[in-house]
Amino acid sequence: MYQATRTSIRALIATLCRPTLTGFENVPEEGPFIVASNHLSFLDSVIIQALMPRRVGFFAKAEYFTGKGVKGKIMKSFFEGVGSIPVERGEQAASVAALKTLLDVLERGEGVGIYPEGTRSRDGLLYRGRTGVGWLTLTTGAPVVPVGLADTDRLQPAGTSAVKPQHFSMRVGEPLYFDKLGPDHSLPVRREATDRIMDAIAALSGQARASGYNKPPAQE
């Protein structure tokens with residue numbers, strides 16, 4: 001299911017969007033890794049999961065896996081097919097409680113994905129990274145693979161449900177390595193690791209930087 005779904009989406013993206021893709025050789029061939037990306041569109045996770053040379057598990061709202069009827073079954077099959085990991089609504093993906101669900105995936109030697117900004121940028125700026133990604137890499141010792149997306153917001157502008165094929169780019173940077181300190185490390189060390197990761201994402205995405213954190217709209 002996973003491979004079939006990913007292959008189908010990859011072919012669709014290549015045909016309709018003709019994206020510019022660079023740096024896939026930077027993804028470790030084996031062992032656990034953490035993809036840290038900027039976030040512009042609802043489709044970003046699907047794009048990364050479909051195009052990456054290795055499986056990457058991103059959080060997805062738990063209700064996507066529990067819907068009823070034919071639509072519910074289709075959504076569940078789709079999100080399971082792209083390798084998504086259910087997380088309860090209201091449980092921030094940057095929180096330690098939610099991030100602990102990713103530890104088992106990394107311990108199996110697989111990849112996980114995270115958006116340090118926490119939510120989509122609606123003005124195109126790259127916001128300050130929340131320190132969950134720093135906690136995850138310092139706790140596990142897994143390398144962080146930075147990703148810079150550009151123009152994915154044009155595929156599905158915020159507030160719309162229609163998807164319009166558009167060219168976009170995805171740049172994958174060299175992995176960043178941090179000491180494995182376990183879960184009991186200091187906040188300043190976590191902040192420093194997170195800032196280094198955000199600098200790498202900014203260099204790949206070309207975005208201007210915002211000074212503060214991004215806040216989701218009230219309805220989300």
Q. Do you know which two heavy atoms are closest between Trp135 and Pro183, and how far apart they sit?
A. NE1-O, 3.9 Å

Q. Using links of under 4.5 Å between side-chain heavy atoms of ILVMFWY residues, direct or through other members, which residues join Tyr213 in one cluster?
A. none

Q. So do the side chains of Ile13 and Pro19 get within less than 4.5 Å of each other, counting heavy atoms only?
A. yes

Q) What is the minimum heavy-atom distance between Val112 and Val56, and which atoms define it? A) C-CG1, 3.6 Å

**Q.** For Leu155 against Cys17, the heavy-atom pair lying closest together
**A.** CD2-SG, 3.8 Å

Q) Taking all atoms of both residues into account, what is the closest heavy-atom pair of Arg128 and Ser211, and its distance? A) CD-O, 4.2 Å

Q: Take Ile9 and Leu51 through the test side chain to side chain contact (heavy atoms under 4.5 Å, CB included) and record every step on the way to the result.
A: CA-CA 9 Å; Ile9 296 174; Leu51 298 180; over 6 Å; no

Q | By side-chain contact (heavy atoms from CB on, under 4.5 Å) - contacts of Tyr177 (at least two apart) | A | Pro143, Pro175

Q. Does the side chain to side chain contact (heavy atoms under 4.5 Å, CB included) test come out yes or no for Thr119 and Lys215, once each step is laid out?
A. CA-CA 7 Å; Thr119 189; Lys215 297 181 180 180; over 6 Å; no

Q. About how many Å separate OG1 of Thr139 and NZ of Lys100, when rounded to the nearest 0.5 Å?
A. 9.0 Å

Q) Would you say Thr131's side chain and Gly134's backbone share a donor-acceptor pair under 3.5 angstrom? A) no

Q: Apply the test side chain to side chain contact (heavy atoms under 4.5 Å, CB included) to residues Met52 and Met170: give CA-CA distance (whole Å), side-chain angles for both, the deciding distance (0.1 Å), then the verdict.
A: CA-CA 10 Å; Met52 276 285 182; Met170 174 177 166; 3.9 Å; yes

Q. Other than Leu12, what residues sit in its cluster of Ile, Leu, Val, Met, Phe, Trp and Tyr side chains whose heavy atoms are under 4.5 Å apart, directly or through others?
A. Leu16

Q) Is the backbone N or O of Gly129 less than 3.5 Å from a side-chain atom of Glu117, with the two atoms forming a donor-acceptor pair by type? A) no

**Q.** Partners meeting side chain to side chain donor-acceptor pair (under 3.5 Å) with Thr140 (sequence neighbours left out)
**A.** none

Q | Test item: Arg54 side-chain N/O and Glu110 main-chain N/O as donor-acceptor pair under 3.5 Å | A | no

Q: Supply the atom-to-atom distance Leu136 CG to Leu138 CG, rounded to the nearest 0.5 angstrom.
A: 9.5 Å

Q: Please collect all side chain to side chain donor-acceptor pair (under 3.5 Å) contacts where either partner lies in residues 18-29, sequence neighbours excluded, each pair once.
A: Thr20-His167

Q.
Under the rule for side-chain contact (heavy atoms from CB on, under 4.5 Å), what residues qualify as partners of Thr15, not counting sequence neighbours?
A. none

Q.
Does anything in residues 180-189 form a side chain to side chain donor-acceptor pair (under 3.5 Å)? List the pairs, not counting sequence neighbours.
A. His185-Arg190

Q: List the steps, then state whether side chain to side chain contact (heavy atoms under 4.5 Å, CB included) holds for Phe58 with Ile114.
A: CA-CA 6 Å; Phe58 273 92; Ile114 189 170; 5.7 Å; no

Q.
Donor-acceptor check, side chain of Asn214 to backbone of Gly118, threshold 3.5 angstrom: yes or no?
A. no

**Q.** Pairing residues for Ala150 by the side-chain contact (heavy atoms from CB on, under 4.5 Å) criterion, not counting sequence neighbours
**A.** Ser169

Q. Rest of the hydrophobic cluster containing Leu125 (Ile/Leu/Val/Met/Phe/Trp/Tyr, side-chain heavy atoms under 4.5 Å)?
A. Tyr127

Q | salt bridge (charged side-chain N to carboxylate O under 4.0 Å, His left out) pairs, two or more places apart, involving residues 192-205 | A | Arg191-Asp195, Asp199-Arg209

Which pairs would a plain distance check flag for residues 30-48, meaning a side-chain donor or acceptor within less than 3.5 Å of a matching protein atom at least two apart in sequence or in another chain?
from  : atom 1 : to     : atom 2 : distance (Å)
Asn38 : OD1    : Leu149 : N      : 2.7
Asn38 : ND2    : Leu149 : O      : 2.8
Asn38 : ND2    : Gln207 : OE1    : 2.9
His39 : ND1    : Ser41  : O      : 3.4
His39 : ND1    : Asp44  : OD2    : 2.9
Ser41 : OG     : Leu43  : N      : 3.0
Asp44 : OD1    : Thr152 : OG1    : 2.7
Asp44 : OD2    : Leu40  : N      : 2.6
Asp44 : OD2    : Ser41  : N      : 2.8
Ser45 : OG     : Tyr115 : OH     : 2.7

Q | side-chain contact (heavy atoms from CB on, under 4.5 Å) partners of Asp104, counting only residues at least two apart | A | Glu107, Arg108

**Q.** Positive for side chain to side chain contact (heavy atoms under 4.5 Å, CB included) with Arg171, one of Ile201, Leu204, Val147
**A.** Leu204

